Amino acid sequence: MTKDNNISRRGFLKLFGAGAIATTAAVTGCKSKKQQAIADEYKKQVEPPKGKMTYRQNPTTGDRVSLLGYGMMRLPTLPNAKEGEDPDFDQEMINRQVDYAIEHGLNYFDTSPAYCRGLSERCTGIALHRHKRSEYFVATKLSNFSPETQTREGSIEMYHNSMKELQVDYIDYYLLHSIGGGGMDAFNTRYMENGMLDYLVEERKAGRIRNLGFSYHGDVEVFDTLLSWHDKYKWDFVQIELNYLDWDYANEINDSNTDASYLYAELQKRGIPAVIMEPLIGGRLANVPQFVANELKQRDPEHSVASWAFRYAGTPEGVLTVLSGMTYMEHLRDNLLSYCPLKPLNEQEQRFLDDDIARKLFSMQNIPCNDCKYCMPCPYGLDIPGIFVHYNKCKNEGTLPTDVMDPEYMKLRRQYLIGLDRAVPRLRQANHCIQCGQCEPHCPQNIRIPRELQKIDQFVEDLKQNRSFLEAHQPKEEAADE
């Protein structure tokens with residue numbers, strides 16, 4: 001996928017993300033008209049056909065991999081949690097969705113020891129172990145972010161525990177997790193000084209790892225360095241973020257990130273297959289502003305807004321599989337419709353997304369949080385992604401109260417503050433941030449989290465102070481109206 005045969009190198013962008021309709025509804029406590037319309041659209045969706053999945057072949061192993069991969073990062077949960085407690089994961093629903101995915105040809109499942117409070121591998125292993133080992137490829141990661149797991153012993157223990165939790169004796173696709181965060185110093189600590197990269201190469205030779213690669217976020221020097229080592233380490237695949245926002249606008253929003261156009265081109269030069277993460281940027285490209293959704297639906301009224309992003313991510317020939325965290329069966333069905341089979345974008349459609357839709361979304365300049373929760377838990381109890389999701393949601397829907405002269409200001413201010421209290425308990429809101437900065441190094445999008453929380457805290461405080469001023473004058477205005 002190119003733009004006038006000239007692949008640029010700029011950076012990375014994220015917009016607002018509530019991963020799904022039901023997720024958004026749960027966060028806000030109610031559905032907007034737009035959310036209800038999307039939910040109704042899902043209800044009318046047709047059943048995806050069986051036997052029509054598009055596959056890509058891994059040039060190293062010959063694996064025939066489904067173009068749609070299942071990201072096991074946002075698993076369904078049970079509605080049994082008390083306020084302030086984390087809900088249990090719904091293993092029965094996880095099993096049902098995995099069964100349905102495999103029935104429709106999906107065979108790539110991606111997890112990590114860090115996902116879902118450390119329980120994703122276990123839940124994934126339970127669901128997959130009910131199927132023949134030949135029916136699926138499983139990917140997991142050396143997620144040795146904490147100091148105690150960065151020793152050689154700690155990293156090896158994590159690696160072997162992944163196989164135990166997944167109930168397998170080999171791993172199809174194993175990744176160095178999120179290289180680039182913290183630069184070369186962090187990479188050397190996690191993988192070189194402890195000898196883990198060489199250890200994993202030996203595990204690949206022994207057959208316990210079939211494909212060895214890495215996922216990338218952050219410092220492009222680390223990405224470039226690892227690719228320069230390709231002749232030595234023979235990377236079997238590399239996982240990158242790619243979507244129609246990341247393609248050319250990433251660095252415009254955050255100069256710590258790298259455009260997907262550059263990442264993809266560098267992999268193509270070396271013939272390394274790309275595994276794609278965040279095709280929807282945590283759901284943001286499924287929940288775009290209404291005026292953008294109208295443009296997309298006008299061009300293709302029969303398919304969902306999300307299908308545009310999936311077709312975009314799946315069109316490049318160097319893409320092996322596109323991962324999606326599908327919390328709900330409706331999302332799984334819709335994504336299967338995009339790839340059973342894939343209808344590649346034509347040049348006109350690519351230009352429409354690159355030059356029109358991406359530009360409009362870029363201009364909104366939302367906080368680029370994709371609700372991955374890598375920043376959590378906050379040592380002081382803040383719900384960091386919840387705060388960002390609520391702010392971005394209101395901005396996307398055009399309901400952010402910003403102009404006190406707006407006739408709708410009082411209504412929007414009230415909606416924002418009430419919605420915030422429903423979405424995020426008061427003790428977990430931005431005004432409780434002490435700017436300790438412990439969250440920031442963990443953010444794969446390089447968001448300056450304490451700074452953004454401070455801005456939102458000031459915004460909320462301004463709304464509250466404005467309320468005092470305006471409501472002091474409200475009785476007289478109401479009396480005049482009467």
Side-chain angles (χ1 to χ4, degrees), residues 17-26 35 38-56 65-79 89-112 115-116 120 123-128 130-131 135-139 243 275-287 302-314 319-343 370-372:
I21 312 322
T23 303
T24 305
Q35 293 160 0
I38 299 173
D40 291 342
E41 179 184 49
Y42 275 119
K43 292 177 183 177
K44 294 186 293 184
Q45 69 186 182
V46 300
E47 186 73 9
K50 296 180 182 179
K52 298 293 184 179
M53 173 64 71
T54 296
Y55 292 91
R56 297 276 169 80
V65 180
S66 60
L67 188 53
L68 179 62
Y70 211 132
M72 309 299 285
M73 183 180 181
R74 299 179 176 95
L75 299 178
T77 56
L78 294 167
F89 293 102
D90 188 345
Q91 187 65 55
E92 181 180 351
M93 179 56 70
I94 295 168
N95 293 350
R96 286 177 56 195
Q97 292 178 190
V98 166
D99 293 350
Y100 188 87
I102 290 177
E103 284 177 14
H104 288 80
L106 191 155
N107 62 10
Y108 190 101
F109 296 85
D110 173 90
T111 182
S112 159
Y115 293 168
C116 300
S120 176
C123 294
T124 302
I126 292 170
L128 289 177
R130 298 155 50 252
H131 294 267
E135 290 183 339
Y136 62 88
F137 303 112
V138 65
N243 52 69
V275 170
I276 304 306
M277 55 183 162
E278 300 297 349
L280 293 179
I281 323 179
R284 281 172 264 169
L285 299 186
N287 194 22
E302 299 300 320
H303 295 91
S304 68
V305 168
S307 69
W308 282 94
F310 280 99
R311 290 177 61 208
Y312 188 96
V319 169
L320 183 65
T321 190
V322 178
L323 302 176
S324 178
M326 298 170 281
T327 310
Y328 303 97
M329 186 67 81
E330 291 81 5
H331 306 141
L332 175 57
R333 288 196 186 100
D334 189 58
N335 296 348
L336 287 167
L337 286 169
S338 296
Y339 288 151
C340 291
L342 167 71
K343 179 186 176 183
N370 64 3
D371 196 20
C372 69

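Quantities reported herein were computed from a predicted structural model and do not represent experimental measurements. Heavy-atom basis, side chains included; hydrogens, waters and symmetry copies ignored.
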Given side chains that start at C-beta, do those of [X] and [Y] come closer than 4.5 Å, heavy atoms only?
X      : Y      : value
Tyr115 : Asp110 : yes
Met72  : Cys116 : no
Gln97  : Leu75  : no
Val65  : Asn107 : yes

For [X] and [Y], which heavy atoms make the closest approach, and how far apart are they?
X      : Y      : result
Pro49  : Cys340 : CG-O, 3.3 Å
Tyr339 : Gly314 : OH-N, 3.5 Å
Leu337 : Pro48  : CD2-CA, 3.5 Å
Ser304 : Asp334 : OG-OD2, 2.6 Å

**Report entry** Pairing residues for Met326 by the side chain to side chain contact (heavy atoms under 4.5 Å, CB included) criterion, not counting sequence neighbours
**Finding:** Leu68, Tyr70, Leu106, Ser324, His331, Leu332, Asn335

Requested in this report: Please step through side-chain contact (heavy atoms from CB on, under 4.5 Å) for the pair Leu336 and Met53, ending with a clear verdict.
Outcome: CA-CA 8 Å; Leu336 287 167; Met53 173 64 71; 3.7 Å; yes

Let me confirm one number: the [atom1]-[atom2] distance from [X] to [Y], rounded to the nearest 0.5 Å.
X      : Y      : atom1 : atom2 : value
Leu342 : Leu67  : CG    : CG    : 5.5 Å
Leu280 : Leu285 : CG    : CG    : 6.0 Å
Tyr100 : Met93  : OH    : CE    : 12.5 Å
Asn243 : Met277 : CG    : CE    : 10.5 Å
Phe109 : Ser66  : CZ    : OG    : 7.5 Å

[X]: salt bridge (charged side-chain N to carboxylate O under 4.0 Å, His left out) partners, not counting sequence neighbours:
X      : result
Arg96  : none
Lys52  : none
Glu103 : Lys50

Please identify each residue that fulfils side-chain hydrogen bond (donor to acceptor under 3.5 Å, both in side chains) with [X], with sequence neighbours left out.
X      : result
Gln91  : Asn95
Ser338 : none
Tyr108 : none
Thr321 : none

Query - For Phe137, all residues meeting ring pair (Phe, Tyr, Trp, His ring centres under 6.0 Å), sequence neighbours excluded - result: none

Requested in this report: Apply the test side-chain contact (heavy atoms from CB on, under 4.5 Å) to residues Thr327 and Thr77: give CA-CA distance (whole Å), side-chain angles for both, the deciding distance (0.1 Å), then the verdict.
Outcome: CA-CA 9 Å; Thr327 310; Thr77 56; over 6 Å; no

**Report entry** Identified side-chain contact (heavy atoms from CB on, under 4.5 Å) counterpart of Phe89 within the set Pro76, Ser120, Cys123
**Finding:**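 Going through the options one by one, the only one that passes is Cys123.
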
Query raised in the report: Just by distance, do the side chain of Arg130 and the backbone of Ala127 share a donor-acceptor pair under 3.5 Å?
Result: yes

